[in-house]
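Single-structure report; data block below.
Chain A is the first sequence line, chain B the second, and so forth, proteins listed ahead of strands; every chain is numbered from 1.
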Amino acid sequence: METSTAVRAYRGLLVLYPRDFRDRYGDDLVQTLADLTRDLGPRSAWRRVALDLIVTAPRYRMETLMEEERTSNAMTVGITVMAAAGITSVLVGLYPGVLLLPLAVILAITQRSKLARSFDAVDGTRLRRKRLRTAAGLVAALPVIYLGSLHILGDSWGTDAVVAFGVWFTVLIAAVSFGITGITTPKSPASA
Amino acid sequence: MGSAERSPDPQSFLPLPQAQFHVLVALTAGDRHGYAIMGAVESSSDRVVRMGPATLYGTLKKLVARGLVEESDHRASSDDDERRRYYRLTGLGQAVCAREADRLASLVRITRTNLRPGLA
């Protein structure tokens, strides 16, 4: 393969990497292939580059996916849903549902270890502060919702009361979940 | 209020992944561009560690993000390709590299002490 064709082919293959990586290092990667081709010959250069591509492309894709803050936030929602479902199932008598609680804890621990490895993508300290602030806001909302419900409902304790309790309970679960994930979010080393 | 940032503890970066330590060691000799780092890693490891381009730049990306390495304006010579990016150790990078070297040296000492009777 001629060098220019090889370079074009490699540049095309860079699409397998996450966008921010190829935008930042695409030219350097291509330059390195050219250097390797010059020093080792095309066959050895391509062997090394192909192996590298096979190993790193899925890994960098996965790292990007797991390290992004939105993925982390999605996991927080997952923890919240699991915790809520676990507690609710116990309240309504479906006791095996309590198993969802340890699953929520495992998810929180997994999230913590993933975050700890991803400080190049996530500012742990900022994320921790944001989650704890959210938890504090939700805790502050609890008595407001409770007193507001009492005021609105008055003596009527029908379907509206169930809805009000549902809202209060959901906010409680969210506060607990944000509190747990906030406390378990590790601080970035730079500000630890 | 004081706005001075606290410098992170080098110990908190340990243990370093092998690829990151190799790159830091390569940069202890001075500023280098990516391909030169790749060559230095290869020769310092007796050709045992052969990095591919994406492994190298993925590692550099992480080291830059962690504040251990930074880009430099250094050029080896005036006719050096100006598109090449050079990298150098930061002060923190030097400290972390030294701590990791101490840690590994300590492991080597323990290993030699424990295995010496068996090797004799």
Closest-packed option against chain A by number of heavy-atom pairs under 4.5 Å, given B:A54, B:G34, B:G52
B:A54

Identify the heavy atoms of B:Y57 and A:L29 that sit nearest to each other, and give their distance.
CD1-CD2, 3.7 Å

Under 4.5 Å between any side-chain heavy atoms of A:Y10 and B:P53, yes or no?
yes

Most heavy-atom pairs under 4.5 Å with chain B, out of A:D35, A:L51, A:L33, belong to A:D35

Same cluster for A:V139 and A:V171 if Ile/Leu/Val/Met/Phe/Trp/Tyr side chains link at under 4.5 Å?
no

Joint cluster assignment, B:F21 & B:V108, ILVMFWY side-chain distance < 4.5 Å:
no

A side-chain contact here means heavy atoms from C-beta on lying under 4.5 Å apart; do B:L60 and A:R24 qualify?
no

Tell me whether the count of non-hydrogen atoms from other residues, nucleotides or ligands lying under 6.0 Å of CZ in A:R19 goes above 12.
no

Measure B:M38 against the heavy atoms of chain A and call it side chain, backbone, both or neither at under 4.5 Å.
side chain

Which answer fits A:L53, side chain, backbone, both or neither, if we ask what part of it has an atom under 4.5 Å from a heavy atom of chain B?
neither

Closest approach of A:R48 and B:R50, non-hydrogen atoms and distance?
NH2-CD, 3.8 Å

No-hydrogen, no-angle side-chain donor-acceptor test under 3.5 Å, B:Y35 and A:D39:
yes

Does A:L40 belong to the same Ile/Leu/Val/Met/Phe/Trp/Tyr cluster as A:V49, with side-chain heavy atoms less than 4.5 Å apart forming each link?
yes

Look at the side-chain heavy atoms of Ile, Leu, Val, Met, Phe, Trp and Tyr, link any pair under 4.5 Å apart, and say whether B:L16 and B:L107 land in one connected group.
yes

I'd like to know if A:F169 and A:V98 are part of one continuous hydrophobic network [Ile/Leu/Val/Met/Phe/Trp/Tyr, side-chain heavy atoms within less than 4.5 Å].
yes

Please walk me through it: do A:D20 and B:K61 pass salt bridge (Lys or Arg N to Asp or Glu O under 4.0 Å)?
CA-CA 11 Å; A:D20 69 320; B:K61 179 180 174 227; 3.5 Å; yes

So which residue, A:L14, A:L36, A:V30, ends up with the most heavy-atom pairs under 4.5 Å with chain B?
A:L36

So, the part of A:Y25 with a heavy atom under 4.5 Å from chain B: the answer is both

